[in-house]
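Scroll down for the structure; my scribbles are underneath it.
Keep in mind that what you see is a predicted model, and the values were worked out from it rather than measured. Side chains included, hydrogens not; waters and symmetry mates left out as well; all remaining heavy atoms used.
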Amino acid sequence: MQLPDMNLLVALDALLDEGSVVGAARRMNLSPAAMSRTLTRIRDAVGDPVLVRAGRGLVPTPRAIALRSQVRQVVEQANQLFSANHDLDLASLERAFNLRANDVFIAPFSAPLLDAMRQQAPRTVLRFVPEGAGGDEDQALRDGRLDLYISATRELGPEIKVQGLFSTTFVCLARNDHPIFDDEITAERFAAFEQISVSRRGRALGPIDSALGVLGLQRRVALITPSFHSGMFSLPDSELILPLPEHMLHSVARLGLPLRSFRMPFALEPVQVMQAWHPRFDNDPAHRWLRQTLKACCSRQP
DNA sequence: CCGAAGCTCAAAGGCCGACC
DNA sequence: GGTCGGCCTTTGAGCTTCGG
């Protein structure tokens with residue numbers, strides 16, 4: 001049986017990633033001419049143009065886009081196969097770790113994590129990547145665009161691995177002289193003030209509204225922001241209330257804004273924050289080290 | 001030794017942005 | 001609008017390596 005040339009897979013991976021013959025050639029230490037000929041062989045093998053001219057550069061065909069994540073996965077698995085027995089040398093490890101997280105994690109834990117990385121693996125880079133279109137976490141984890149996804153969501157693919165990091169409860173933030181502090185804070189008084197909802201997907205309703213609903217109450221969300229930090233800057237000049245995870249209070253206090261916190265006047269389920277990764281990284285020593293380091297940071301902090 | 005495969009070098013041709 | 005230079009991909013020619 002004639003096996004296909006596996007080197008073509010590595011080249012295809014580089015070509016799809018770079019979107020350029022010159023870029024892929026540079027990555028593989030080849031001349032552009034050699035990479036161009038390799039692309040010709042890939043086209044013959046796949047039976048598709050794979051990359052077609054668009055102006056000065058190249059763009060992927062639909063077939064290439066469909067193949068992309070599969071190619072990435074196969075190449076990474078092959079890499080692991082050949083490097084699985086190598087000891088991890090953190091001192092010389094050069095790698096950028098791509099994480100997607102919101103400020104519930106970033107505010108309290110990014111500094112300790114970065115500190116641990118600097119001490120143990122000084123040549124690694126921590127990169128927080130922005131939200132993709134329409135919540136593409138599953139695909140980004142599969143493609144290897146994301147090393148870790150840190151979130152409270154459980155709506156991930158069945159193969160995705162998750163590990164609990166910490167649990168946090170919601171407290172509220174309002175300006176120092178907010179009228180809510182004038183009297184006892186009850187659920188009724190809480191619901192009477194306009195509020196900020198933090199949602200990366202632009203949602204106004206969440207667990208707080210469900211809990212209020214049980215009490216026969218309803219609040220009005222006047223402002224929706226993508227992060228807690230962007231929301232809190234609207235507090236000093238308004239009567240808005242911002243519910244936010246307790247874990248963020250310490251870093252909020254350091255900002256020196258004229259804000260004051262108070263406990264939720266009704267019961268709310270704690271939020272479990274987890275880290276999620278694709279199973280192909282399970283045995284990757286560097287990835288395992290990152291997960292352990294991150295988990296340790298979360299365990300140490302309040 | 002020979003052919004196949006894959007490489008480099010050099011050159012051609014297309015496209016884009018800057019400049020007049 | 002036309003010209004020019006730079007960048008990119010592609011292709012022809014020739015070289016090296018390797019297996020039969």
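- Atom P of nucleotide C/dT11 and atom CG of A/L39 are separated by 10 Å, given to the nearest angstrom.
- Salt-bridge formation is not detected for the pair A/D48/A/R43: no Lys NZ or Arg NE/NH1/NH2 atom is positioned less than 4.0 Å from an Asp or Glu carboxylate oxygen.
- Using a 4.0 Å cut-off, no side-chain N or O of A/S36 falls inside it from OP1 or OP2 of C/dT11.
- Following rounding to the nearest Å, A/R43 (CZ) and C/dT9 (P) show an atom-to-atom distance of 10 Å.
- Residue A/R41 places no side-chain N or O under 4.0 Å from the OP1 or OP2 atom of C/dT10.
- No hydrogens or angles considered: nothing links the side chains of A/T186 and A/R189 as a donor-acceptor pair under 3.5 Å.
- Across all strands, A/T40 comes closer than 4.0 Å to no nucleic acid atom at all (heavy-atom distances).
- The interatomic distance linking A/I42 (CD1) with B/dG6 (C1') rounds to 14 Å, in whole Å.
- Between the P atom of B/dA5 and the CG atom of A/L8 lies a distance of 12 Å, rounded to the nearest Å.
- The side chain of A/A33 lies closest to B/dC9, out of C/dT9, B/dC9, B/dC7.
- Checked against the 6.0 Å centroid threshold, A/H247 and A/F105 do not count as a close aromatic pair.
- In this structure, the CZ atom of A/R37 is 12 Å from the C1' atom of B/dA10, given to the nearest Å.
- Judged purely by atom type and a 3.5 angstrom limit, A/S110 has no side-chain atom pairing as donor or acceptor with the backbone of A/A107.
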